[in-house]
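Remarks on the structure that follows.
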Amino acid sequence: MLENNFTIQKKYSLILSLLSAIIFIYIILFEFILPVNQLLPRPSILVESIPSILKDYSFINNFLFTVSIIYSIFLVSYFLIKLVFPYIFITSNQFPKLLQLFQVSNYFLPVFLVFLFNIWFNNSIWGEIIFIFILTMGLLKSEVFLSSHKVKDEYIISAKSLGLPQNKIIQNVIWKSFQPQIFDVFKKNHFLIWTYSIVYEFVNKTNGLGKQFYLSIKYADLVVIVATIILLMITLFTFEFLMNKIKLKYFFWEKLDE
């Protein structure tokens, strides 16, 4: 655990160093060397336009809208997969050929649902909630199916030797073994979920950062685009850091494939 913690701290130190270098280069290049250009706005203009961005584009509301949808669905999905885990695990062992179905599903592009939901839900908030929920639950269920054979036999044998019934073994032993794996699904697909959420909001013009990108592109407002991207990078970095801290504190034991 201490080794993992050290590795994570080293990783984020490198990321912070890289970001600091990028910011320094950006300030020097576009504030002093290329103040007039068609690529990126001057940093001073970016800072000066913050009040206008907050007021004219409802920046805070859009940001909180997207954040609340993504992380509330993460939370609901975790507890829901915990609830249905015994049924999924038993099904995956009784019908192993279903694994092939989930492997085929890798070729399914969620962007197709974005276009369909545009017709079915128009710009309703429920369309995005259902879309992100389907995407997240699909990733979690696929992980359970694809990793069900990785549960170590010694854990199950030890539990049976203590006289535990099957439902208790699944809840207290197998689910515990799966928890780091399940949490890693959120970590590995964190950026992906954010991307599809923004794409959904952009295409369907619902509230959120996607709509803000749509409006800023429509009005060719480069300052808003850059400011939104910077905020998005900071948000992703911050939440990934928090998710690593949560894993080290609550899901620190080895994964199924370790």
Side-chain angles (χ1 to χ4, degrees), residues 1-16 66-67 69-93 96 98-110 131-156 169-198 232-258:
M1 181 177 175
L2 290 175
E3 184 178 352
N4 289 338
N5 197 8
F6 175 76
T7 303
I8 291 173
Q9 288 179 352
K10 187 176 180 180
K11 171 187 173 183
Y12 282 104
S13 296
L14 289 172
I15 293 175
L16 283 174
T66 303
V67 168
I69 284 184
I70 291 174
Y71 295 106
S72 61
I73 289 177
F74 275 11
L75 192 62
V76 171
S77 299
Y78 174 80
F79 287 106
L80 183 58
I81 202 71
K82 180 181 179 181
L83 181 66
V84 300
F85 176 80
Y87 308 104
I88 299 175
F89 182 78
I90 292 172
T91 302
S92 66
N93 281 278
L98 283 175
L99 290 173
Q100 299 176 2
L101 177 63
F102 281 94
Q103 290 171 345
V104 171
S105 67
N106 292 334
Y107 298 98
F108 172 74
L109 293 177
F131 170 71
I132 299 299
F133 179 75
I134 290 174
L135 187 58
T136 306
M137 285 300 295
L139 292 167
L140 291 172
K141 286 192 289 184
S142 295
E143 183 64 34
V144 174
F145 266 94
L146 296 173
S147 301
S148 58
H149 66 284
K150 298 179 181 178
V151 179
K152 295 181 178 179
D153 293 334
E154 53 263 34
Y155 294 163
I156 299 176
I169 292 175
I170 292 176
Q171 291 175 4
N172 300 331
V173 179
I174 298 177
W175 168 248
K176 277 290 182 182
S177 300
F178 263 91
Q179 279 183 300
Q181 206 90 0
I182 293 295
F183 193 77
D184 266 4
V185 172
F186 294 114
K187 282 184 56 186
K188 290 177 181 177
N189 296 282
H190 186 214
F191 180 78
L192 178 69
I193 298 295
W194 264 96
T195 301
Y196 275 118
S197 179
I198 291 174
L232 191 56
M233 291 173 60
I234 294 172
T235 302
L236 289 171
F237 175 80
T238 302
F239 277 100
E240 186 179 349
F241 177 80
L242 292 174
M243 290 170 79
N244 276 311
K245 288 293 185 182
I246 291 172
K247 183 180 179 182
L248 287 173
K249 186 173 180 62
Y250 297 105
F251 309 106
F252 51 85
W253 51 93
E254 65 180 6
K255 296 192 297 181
L256 294 172
D257 51 3
E258 292 180 341

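Computed over heavy atoms, backbone and side chain alike; hydrogens, waters and symmetry mates excluded.
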Who are the side-chain contact (heavy atoms from CB on, under 4.5 Å) partners of [X], not counting sequence neighbours?
X: M137; answer: S77, L80, I81, F133, L140
X: K176; answer: Q179, W253
X: F191; answer: T195, L236
X: E143; answer: S147, Q181, V185

Quick one: sort the F89 and F85 rings into parallel, tilted or perpendicular, breaks at 30° and 60°.
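Parallel.
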
Go through the structure and list residues passing side-chain hydrogen bond (donor to acceptor under 3.5 Å, both in side chains) with Y196, not counting sequence neighbours.
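Listed in chain order: nothing, the list is empty.
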
Residues forming a side-chain hydrogen bond (donor to acceptor under 3.5 Å, both in side chains) with T66, sequence neighbours excluded:
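By the side-chain hydrogen bond (donor to acceptor under 3.5 Å, both in side chains) rule, T66 matches E201.
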
Could you walk me through whether I73 and I193 pass the side chain to side chain contact (heavy atoms under 4.5 Å, CB included) test, one step at a time?
CA-CA 11 Å; I73 289 177; I193 298 295; over 6 Å; no

Which value, rounded to the nearest 0.5 Å, describes the distance between [X] atom [atom1] and [Y] atom [atom2]?
X: T136; Y: F131; atom1: OG1; atom2: CZ; result: 9.0 Å
X: F237; Y: L242; atom1: CZ; atom2: CG; result: 10.0 Å
X: K247; Y: K187; atom1: NZ; atom2: NZ; result: 4.5 Å
X: D184; Y: N189; atom1: CG; atom2: CG; result: 10.0 Å

Answer yes or no: is there a side-chain heavy-atom contact under 4.5 Å between [X] and [Y]?
X: V67; Y: W194; value: yes
X: I182; Y: W175; value: yes
X: I70; Y: F239; value: no
X: I170; Y: I90; value: yes

My understanding is that only residues two or more places apart in sequence, or in another chain, count here; which of them pass ring pair (Phe, Tyr, Trp, His ring centres under 6.0 Å) with F74?
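Once residues adjacent in sequence are excluded, the partners of F74 under the ring pair (Phe, Tyr, Trp, His ring centres under 6.0 Å) criterion are Y71, F186.
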
